[in-house]
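Residue numbers run from 1 in the order of the sequence given. Ligands are counted one by one from 1 in listed order, and the atoms in each one are counted from 1 as well.
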Amino acid sequence: MYSGSALSTQGITLERHILEQQLAIPGATGDFTGLFQQIALAAKVINSRVRSAGLAGILGLTGEKNIQGEEVQKLDEFANNVLIRSVEAGGHLCVMASEENEGIVRIPDQFPTGKYVLMFDPLDGSSNIDVDINIGTIFSIHRRVTVGRHGTEADCLQRGASQVAAGYVIYGSSTVLVYSMGESVHGFTLDPAVGEFFLSHENIRIPPKGKIYSVNEGNAQLWPASLRRWIVDMQTPKADADGTMGTPYSARYVGSLVADFHRTLLKGGVFAYPADKKNPQGKLRLLYEAAPMALLCEAAGGAASTGTQRILDVAPTSLHQRVPLYIGSREDVAAAERFLREE
Ligand code: AHM
Ligand code: MG
């Protein structure tokens, strides 16, 4: 379980942290630091709107028009626009892709382009907004593989293993940004008074085995029998070495990937969104959800699998491709794979 000390990390901002990480990379230009700053700015703007989402209702702003007579955007549409507007002019990107847009998101012609590709789910778990449950933003960064001024879909359709960084922001009881450049994972908590993300979770490591499973069990009758046996196995207390009855796994399911993954990363255990009879490819999106979380999880010492293949090795063929996902503590993910092989 995560047990980092806040004392040793006091005062280190996200910006300084990324800058220091980048200085350690020979030949780094600082481009990446600039891109990250813009993502963090977008996160702060989205956070502030998420925090006042309920007030919008109280103030009567949820109708078609707001007080200025402008259309009120849905929160996920708002988040999408904020992210795109925050990064498109910076000159760091050649192309983007968003869960909210059908095709690639081009960098407008008036702006310079750069060597990175950004993909994101601007507001994951958005069906939970109305009931005040945690939601989040997930992002994935690749280096471009094409040449020319603008990037293309080919720049987006890269394996997760070639991500240069990934991260998420959780709008929870506090707002936390977690990122990795592939080697280690760090979390930063937004101090709302200062408007700055400060290092709060240095070098997160996921336990090799956990005590929590997280899956939408409402779908159990749509699963293969082997999957149900895996869940029953976790629900069955195993006797300890001295013969005393052990404790079964606990079940926790928020229904927001960011929230379920954040808990899994810090406490261990496993999150799954399996393929089922209704969603034969699973529900979650490879590029905006599974691949970035897989990079983070592996960098923290965990694993992420489709059930038969490492998520980071899956070669995408389309922007909105779905994939089954088993992610979390190494031993728990391996157990899921073992059960799935049985049928
Ligand atoms: P979204 O990106 O449209 O919000 O959907 C993805 C969400 C995930 O956050 C979550 O893990 C999953 O869908 C929950 O699905 P379900 O309601 O089927 O359990
Ligand atoms: Mg999502």
Atom indices of ligand 1 within 4.0 angstrom of Y253 heavy atoms, with elements
14 (C), 15 (O), 16 (P), 19 (O)

Measure from the ring center of F139 to the ring center of Y288 and say whether it is less than 6.0 Å.
no

A student comparing G255, S126, G136 should find that the heavy atom closest to atom 10 (C) of ligand 1 comes from G255

D121 N/O to ligand 1 N/O under 3.5 Å
yes

Do L325 and L265 share a hydrophobic cluster, counting only Ile, Leu, Val, Met, Phe, Trp and Tyr and linking them when any side-chain heavy atoms are less than 4.5 Å apart?
yes

Of all the atoms in ligand 1, which lie at a distance below 4.0 Å from a heavy atom belonging to E289?
2 (O), 6 (C)

Any donor-acceptor pair under 3.5 Å linking the side chain of K238 with the backbone of T236?
yes

Kindly say whether the aromatic ring centers of Y168 and H262 come within a distance under 6.0 Å.
yes

If we count only N and O atoms by modelled type, under 3.5 Å, do the side chains of S226 and E342 hold a donor and an acceptor together?
no

Show me which atoms of ligand 1 lie under 4.0 Å from any heavy atom of L257.
8 (C), 9 (O), 10 (C), 11 (O)

If you measure every N or O of G125 against every N or O of ligand 1, does any of those distances drop under 3.5 Å?
yes

Indicate whether any N or O donor in one side chain lies under 3.5 Å from an N or O acceptor in the other, for T33 and Q22.
yes

Checking contacts here: is it the side chain or the backbone of K283 that comes within 4.0 Å of ligand 1, counting heavy atoms only? Could be both or neither.
side chain

Close approach of D124 to ligand 1, heavy atoms, under 4.0 angstrom:
yes

Judged by non-hydrogen atoms, does S127 sit under 4.0 Å from ligand 1?
no

Atoms of ligand 1, numbered as shown, that sit under 4.0 Å from any heavy atom of N216:
16 (P), 18 (O), 19 (O)

Is the centre of the H201 ring less than 6.0 Å from the centre of the H186 ring?
no

Atoms of ligand 1 under 4.0 Å from any heavy atom of S256, numbered from 1 in the order shown, are 9 (O)

With T264, which residues qualify under side chain to side chain contact (heavy atoms under 4.5 Å, CB included), at least two apart?
I206, F271

